[in-house]
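Structure record follows, encoded as structure tokens.
As the structure is a computational prediction, the values presented were derived from the model and not from experiment. To find a chain, count down the sequence lines: A is the first, B the second, and so on, and within it residues start at 1.
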Amino acid sequence: MLDKRYDPHQVEEGKYQTWKDEGYFTAGDTSKQPFSLVIPPPNVTGKLHLGHVMDTIPDDIIVRYKKMMGYDVLWVPGMDHAGIATQAKVEEKLRKNGISRYDLGREKFLEVAWDWKKEYANTIHQQWAKIGLSVDYTRERFTLDEGLSEAVRKVFVTLYEQGLIYQGEKIINWDPELRTALSNVEVIHSDDEGEFFYFLYDIVGTDEQIVVATTRPETMFGDTAVFVNPNDKRYGKYVGKMVINPANGEQIPLMADSYVDPAFGTGAMKCTPAHDPNDFALAKKYGFPFIKVLDESAKMNSLAGEYEGMDRYECRKALVEKIKQQGHLQKIEKFVHSVGHSERSGAVVEPMLSKQWFVRMKPLAERVLEQQKGPDKVEFLPARFEKVLIRWMSNIDDWCISRQLWWGHRIPAYYNQNTGEIRVSMEAPAGDEWKQDEDVLDTWFSSALWPFATLGWPHKTPDYDRYFPTSVLNTGYDIIFFWVARMVFQSEHFTDKAPFKTVVIHGLIRDEQGRKMSKSLGNGIDPIDVIERYGVDALRYFITTNSAPGLDMRYSDEKLQSASNYLNKIWNATRYVEMTLGEGYVPTAINKKELGALEKFILSRLEATIKKVQSKMDAYNFLAASGILYNYVYDDFCSFYLEMSKVSLADEKKEVMVKAVLYKVIREIILMIYPYCPFIAEELYLSLPGHKKSIMLETYPVYDASLHSPKAEKLGAMLNAIISDVRGYKASKGLAPNASIRLAFEGKYPFAGIEDYLKRFLFASSVEQNAKLRGDSFVYEGATLTVEEDVDVETLRANLLKEEEKLVFEVSRSQKMLANPGFIAKAPKEKIDAETEKLNANQAKLDTVRARLKELA
RNA sequence: GGAUGCUUAGCUCAGCGGGAGAGCAUCGCCCUUACAAGGCGGGGGUCGUAGGUUCGAACCCUACAGCAUCCACCA
């Protein structure tokens, strides 16, 4: 017998381990259709947060649902080495002990990093268990394991040979704190307040000056020219002359190019080819040299003269002061402009000329754009997110993939120390003279291969054949560029297939005030704390049923409480059913011929619910699916049928039939809630008679059209309406809910036995047919119910008039619609029929009400 | 500069072409043997504004406003 109260911790205890030990998570039943997905691999940087819960719980729901639907489901788990992120964490840990990575050296540092990985992988495993992920551990992968590494090398070498990977010197984003290059998507732009410095440049051979504005005075040591717009009348006469760079006194040319916007600043712009992408392009056009003035820590180099060794900002300050004293500073303005920050370190990113490895994106992106036009495209849910991918792919720059880090896949390029020759190959060339490139690859380079590399690619393994392409991927909109886009192009290039059929995009979880959860705000929520308070199932339910697909949601204690209450409701409904069934109950099949009106009702509603829930589940719309089930559980089952069954059970003849119905309904409710809340579902399932070893071996309820009857639903709905009306009547009269009343039906009863239900639920002392009672009447289709109460005639008349007014409104509304030629001509037939039926029913009710009013007069 | 989303009950959010919904909060009545973390009943919304399309608009279109997010540029 179940406890009176649902205790999530007691329920969760031990279940996961049992499922795992029984092998329920392991895929491979080849008698079934395959269905596969890969986990968005969490970074081994720390504990899981709510974002990971959002990434994985929808997947888990899909996996558990699809298994019940008869698929052989493979969910591949794994983790990401997360190059920069993990290295930053490890370095931070070392720094606390006063050690830098350079003190340790590459090899020792990697040992520390691997220890770190082991520790956090362990934590993550525990958390996966805690939240109940049904991942196939026999196929777990890590982005740095041998298989993935081989795939990475294969991809690198192949793209190199195809001319799609190249080494080049370009302006890249440099993180001076972590001392590595970054890709464009790893740079976060924010509008920062800065200063705009207006400097006076002497024009050689004249006694005139030109004002040049800049936000980056410290880069002036690398300037090669000043540019103006060729149509700018102010400066036309000076073009071709030399001007004096006030930072170092050197002469640089004043030139004209249409790139310059005359309306911006002073219309004169300094050109720093090695520290600005636009200037770089100009310099290439005019053949200027590229002069670097910053080192890898963003400190000034020797070209800065007296400022050598200074931090870029110190130098800026000192240099501006010097120029000011020399009389070449016109003014300083406050200036808000977008500044790039490193996603990981937060440092202001330095655009810098650097030799790096790049992926040539155009051809790869074009392939994706082409495929998205055809039948083999990746389907996005919600569909609008496809546009995000398309736009990004359409305007893509080459991808800088080399990182000056140690934790990651080392680039398979080898340099001959004697000849300078470069070789890119799967294995190191023979001979001591070959030295491997020191850099590693962007962590997303390996993540991009995740869906196929985890299944064995580049080898043709049975798993790869059976489970690739995967069926669905679930992830947040914030990593469409980082991950989704890159998986798509790598997959299409290397396997000729999209990596997944469908991408389900979810929003982000925010705090209760709607702010992004972040470390700096300290508003992050630890899922483990939530589980402590409400249980895993409540967390799972909350996270998947509280926002529309693709939209952000707020964390809410209130909603978790509500989820927990819902589970308690199901728990207690099950408890009631089990108490009713009694010890040793043996489930019996439903005998359709013996069903009573209410049983037909609740079963019909059940079938309707199964059908709707399934269609929403198939569309991965968990909010909608859960809402439909929720309404069924509360309104149809708990509030209505369950209560009614207490009356039915008083009749011995009905006992077998009612028990069979209660059993079927509660069992199927449990099966439907199971993908969301597997722990409580397993507990309840196992407490039911006639269960298998685990709910994980069950199949999903199957829609049975023979039990789906709109007519049966109508009768139940009428009884429901009667109860609600009479209860409302009592409340409006100030009567206690249990005040005794008498009821009379005009005409025949809507269904046999309705008296017993009415007596019980409305505290009716008698229910009679065609008895003359004085009191309010309620009119239903085919039946009129009169409630006798001690009310005066005036109140009675007032109530009837109110009812009449309501019905007149309803009737005239229907009449107007039906009299509207446009409606008749253009509305679908079902709408017209429904409206006609409504009109007739209301008209009949109205007639009855008027007849009663006449009697009273 | 470009794009996207949001604006619905006091709060948090669903609904997105045929009569305004949920949770929480609020008010009233109930400890009725599944559940008081409960039950029953009630109050509360001209669905951001203005136009348009349609027989019919919270829902489609167009403008506008506010909020949020993304991309690009920023000397």
Does [N] have a Watson-Crick or wobble mate here (both distances under 3.5 Å), and if so which one?
N: B:G17; answer: none
N: B:U33; answer: none
N: B:A25; answer: none
N: B:G44; answer: none
N: B:C60; answer: B:G52
N: B:G5; answer: B:C67

About how many Å separate CZ of A:Phe761 and CG of A:Asn720, when rounded to the nearest 0.5 Å?
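One gets 10.5 Å once the value is rounded to the nearest 0.5 Å.
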Using 0.5 Å steps for rounding, measure from the OH atom of A:Tyr576 to the CD1 atom of A:Ile666.
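Taking OH in A:Tyr576 and CD1 in A:Ile666, the distance rounds to 11.0 Å.
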Measuring only the [atom1] atom in each nucleotide, how far is [N] from [M]? A whole number of Å is fine.
N: B:G52; M: B:A57; atom1: P; value: 12 Å
N: B:A65; M: B:A20; atom1: C1'; value: 25 Å
N: B:G17; M: B:C60; atom1: P; value: 7 Å

Indicate for each nucleotide in nucleotides 5-15 of chain B, in 5' to 3' sequence, whether protein heavy atoms under 4.0 Å reach the base (B), only the sugar-phosphate (S), or nothing (-).
S------BSS-
Between A:Ala573 and A:Ser564, who's closer to the 5' end of RNA chain B by nearest nucleotide?
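It is A:Ala573 whose nearest nucleotide is closer to the 5' end.
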Between A:Asp191 and A:Arg813, which is nearer to the 5' end of RNA chain B once each is assigned its nearest nucleotide?
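The residue mapped nearer the 5' terminus is A:Arg813.
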Mind calculating the distance between [atom1] ([X]) and [atom2] ([N]) to the nearest angstrom?
X: A:Asn395; N: B:C73; atom1: CG; atom2: C1'; value: 13 Å
X: A:Met817; N: B:G17; atom1: CE; atom2: C1'; value: 12 Å
X: A:Asn572; N: B:A36; atom1: CG; atom2: P; value: 7 Å
X: A:Ile479; N: B:C71; atom1: CD1; atom2: P; value: 14 Å
X: A:His337; N: B:C73; atom1: NE2; atom2: C1'; value: 13 Å
X: A:Ile396; N: B:A72; atom1: CD1; atom2: C1'; value: 14 Å

Quick test of your reading: applying salt bridge (Lys or Arg N to Asp or Glu O under 4.0 Å), list the pairs with at least one residue in residues 553-566 of chain A, sequence neighbours left out, ordered by first then second residue.
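Salt bridge (Lys or Arg N to Asp or Glu O under 4.0 Å) check on residues 553-566 of chain A returns A:Arg533-A:Asp557.
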Partner residues of A:Phe640 under the ring-ring contact (aromatic ring centres under 6.0 Å, His included) criterion, sequence neighbours left out
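Residues passing ring-ring contact (aromatic ring centres under 6.0 Å, His included) with A:Phe640: A:Phe601.
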Could you pull out all residues at least two apart from A:Phe221 that satisfy ring-ring contact (aromatic ring centres under 6.0 Å, His included)?
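A:Tyr307.
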May I ask you to verify whether the side chain of A:Lys569 and the base of B:C35 hold a donor-acceptor pair under 3.5 Å?
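Yes, the side chain and the base share a sub-3.5 Å donor-acceptor pair.
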Tell me whether the centres of the aromatic rings in A:Phe197 and A:Phe335 are closer together than 6.0 Å.
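No; A:Phe335 has its ring centre 6.0 Å or more from that of A:Phe197.
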Please tell me whether A:Tyr198 and A:Phe196 form a close aromatic pair, meaning their ring centres lie under 6.0 Å apart.
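Aromatic pair counts; centres sit under 6.0 Å.
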Tell me, which of residues 829-838 of chain A have any heavy atom that sits under 4.0 Å from an atom in RNA chain B?
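Heavy-atom cutoff 4.0 Å gives A:Lys831, A:Lys838.
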Just to be sure I understand the geometry, which residues of residues 633-644 of chain A put a non-hydrogen atom under 4.0 Å away from RNA chain B?
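Contacting residues: A:Tyr634, A:Cys638, A:Ser639, A:Leu642, A:Glu643.
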By the definition salt bridge (charged side-chain N to carboxylate O under 4.0 Å, His left out), identify the one residue from A:Lys816, A:Arg813, A:Lys829 that meets it with A:Glu835.
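Passing option: A:Arg813.
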Worked verdict on A:Gln561 versus A:Ser564 for side-chain hydrogen bond (donor to acceptor under 3.5 Å, both in side chains):
CA-CA 5 Å; A:Gln561 188 63 55; A:Ser564 174; 4.6 Å; no
Has A:Lys759 got more than 12 heavy atoms of other residues, nucleotides or ligands less than 6.0 Å from its NZ?
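Yes, NZ of A:Lys759 has more than 12 neighbouring heavy atoms, counting only those of other groups under 6.0 Å.
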